[in-house]
Amino acid sequence: MLLAVLFSNTDGNILIERFHGVPAEERLHWRSFLVKLGAENLRGAKSEELFVASHKSVYIIYTMLGDVCIYVVGKDEYDELALTEVINVIISSVKDACQKTPTERLFLDKYGKVCLCLDEIVWKGMLENTDKSRIRRLIRLKPPTDF
């Protein structure tokens, strides 16, 4: 199961979080643990360079994408290899939604589209869609029409 997908800025502020099957009382622990992990290891990291960690039989893949840190946490069938596929789909979709590697400002401007992408990629802790064109088609936002 995919336990969490988190996005934070370089200062450690959470921009987006999605938890699946994690009790509310453990979420604060995971937030602080992941932000601390990123603060220690992502300084000076290249964009899209993947890092791997393990904590209490749980696997973590994390990276920088522009000014945004991305963390994906999984257990059981979602080991390092499966999480690598998940984070690559997320990276691709975020870059597609922002139309380039995002700065924090651009990421927040495209917040709604990024959330829709996440909802199409991960559903109830399971990887749902990996095809970029399918995700793009599913999240297409149409402007309101005048009646």
Side-chain angles (χ1 to χ4, degrees), residues 1-136 138-141:
M1 173 177 252
L2 286 167
L3 297 175
V5 177
L6 269 86
F7 290 81
S8 72
N9 63 10
T10 52
D11 295 329
N13 300 313
I14 304 294
L15 303 175
I16 298 176
E17 65 180 21
R18 295 282 195 277
F19 286 102
H20 306 281
V22 177
E25 58 273 5
E26 289 183 24
R27 293 179 182 182
L28 179 60
H29 163 74
W30 277 107
R31 281 184 206 107
S32 59
F33 174 77
L34 293 172
V35 167
K36 185 178 178 195
L37 185 69
E40 293 171 357
N41 298 311
L42 291 175
R43 296 265 182 236
K46 291 183 259 177
S47 188
E48 299 181 48
E49 179 181 4
L50 299 180
F51 292 83
V52 180
S54 181
H55 179 69
K56 295 182 181 177
S57 75
V58 170
Y59 301 101
I60 304 160
I61 299 283
Y62 56 107
T63 189
M64 287 287 295
L65 181 64
D67 294 342
V68 179
C69 306
I70 305 171
Y71 306 88
V72 180
V73 182
K75 68 175 185 175
D76 300 332
E77 70 272 16
Y78 288 98
D79 60 3
E80 308 95 12
L81 295 175
L83 291 179
T84 299
E85 181 180 358
V86 173
I87 202 165
N88 284 332
V89 172
I90 291 171
I91 288 169
S92 174
S93 295
V94 169
K95 285 169 64 175
D96 192 44
C98 295
Q99 297 165 348
K100 61 180 179 179
T101 302
T103 61
E104 182 181 352
R105 180 184 174 112
L106 179 60
F107 183 85
L108 292 173
D109 286 345
K110 301 293 184 178
Y111 180 85
K113 216 169 194 178
V114 172
C115 287
L116 287 172
C117 287
L118 275 181
D119 291 343
E120 293 302 330
I121 295 167
V122 178
W123 180 251
K124 295 186 179 180
M126 298 295 183
L127 180 61
E128 177 100 354
N129 289 305
T130 58
D131 182 36
K132 186 176 169 179
S133 61
R134 179 176 166 84
I135 294 166
R136 188 180 312 126
L138 290 169
I139 65 142
R140 189 172 299 139
L141 294 175

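The residues of the chain are indexed from 1 along the displayed sequence.
Between Leu127 and Ile121, some side-chain heavy-atom pair lies under the 4.5 Å cut-off. Contact annotation: the side chain of Tyr78 never approaches that of Ile61 to less than 4.5 Å [non-hydrogen atoms, C-beta and beyond]. Taking 4.5 Å as the limit, every side-chain heavy atom of Leu6 sits out of range of all side-chain heavy atoms of Trp30. Taking 4.5 Å as the limit, some side-chain heavy atom of Arg18 sits within range of a side-chain heavy atom of Leu118. Side-chain contact between His55 and Leu37 is absent, with no heavy-atom pair separated by less than 4.5 Å. Counting only heavy atoms from C-beta outward, the side chains of Val52 and Tyr59 never approach each other to under 4.5 Å.
Taking each heavy atom of Val114 and Ala97 in turn, the nearest pair found is CG2-CB, 4.3 Å. Considering all non-hydrogen atoms of both residues, Cys69 and Met64 come closest at SG-SD, 3.2 Å. Shortest non-hydrogen contact noted between Gly21 and Met1 is CA-SD, 4.3 Å. Closest approach of Leu3 to Val22, counting heavy atoms only: O-CG2, 3.6 Å. Between Val94 and Pro102, the closest heavy-atom pair is CG1-CG, 4.0 Å. Of all the heavy atoms in Ser47 and Leu65, the pair that sits closest is OG-CA, 3.7 Å.
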Test side-chain contact (heavy atoms from CB on, under 4.5 Å) applied to Leu34 and Tyr62, step by step: CA-CA 9 Å; Leu34 293 172; Tyr62 56 107; over 6 Å; no
Trace of the side-chain contact (heavy atoms from CB on, under 4.5 Å) decision for Leu83 with Leu2: CA-CA 8 Å; Leu83 291 179; Leu2 286 167; 3.3 Å; yes
Step-by-step salt bridge (charged side-chain N to carboxylate O under 4.0 Å, His left out) determination, Glu26 to Lys56: CA-CA 13 Å; Glu26 289 183 24; Lys56 295 182 181 177; over 6 Å; no
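At distances below 3.5 Å, not a single donor-acceptor pair connects side-chain atoms of Tyr71 with backbone N or O atoms of Ala4. Distance alone, capped at 3.5 Å, places no donor-acceptor pair between the Asn129 side chain and the Ile135 backbone. Between the side chain of Asn88 and the backbone N or O of Ile91 there is no donor-acceptor pair closer than 3.5 Å. The backbone N or O of Glu49 lies less than 3.5 Å from a partner atom in the side chain of Thr63, making a donor-acceptor pair. A donor-acceptor pair is defined here as one N or O able to donate and one able to accept, closer than 3.5 Å; such a pair exists between the side chain of Asn9 and the backbone of Asp11.
In this structure, Arg43 CZ and Thr10 OG1 are separated by 6.5 Å, a value rounded to the nearest 0.5 Å. Here Lys95 contributes atom NZ and Thr101 contributes atom OG1; the two are 4.5 Å apart, rounded to the nearest 0.5 Å. A distance of 10.0 Å separates NZ of Lys132 from SG of Cys117, quoted to the nearest 0.5 Å. Summarising the geometry, atom CG belonging to Leu15 is positioned 5.5 Å from atom CD belonging to Glu104; distances are rounded to the nearest 0.5 Å. The structure places OG of Ser133 at 9.5 Å from CG of Leu138, a figure rounded to the nearest 0.5 Å. Here Arg105 contributes atom CZ and Cys98 contributes atom SG; the two are 13.0 Å apart, rounded to the nearest 0.5 Å.
Ring geometry, His29 versus Phe33: the interplanar angle falls under 30°, so the pair is classed parallel (tilted spans 30 to 60°).
The neighbour count for Arg134 CZ, taken as heavy atoms of other residues, nucleotides or ligands under 6.0 Å away, does not exceed 12.
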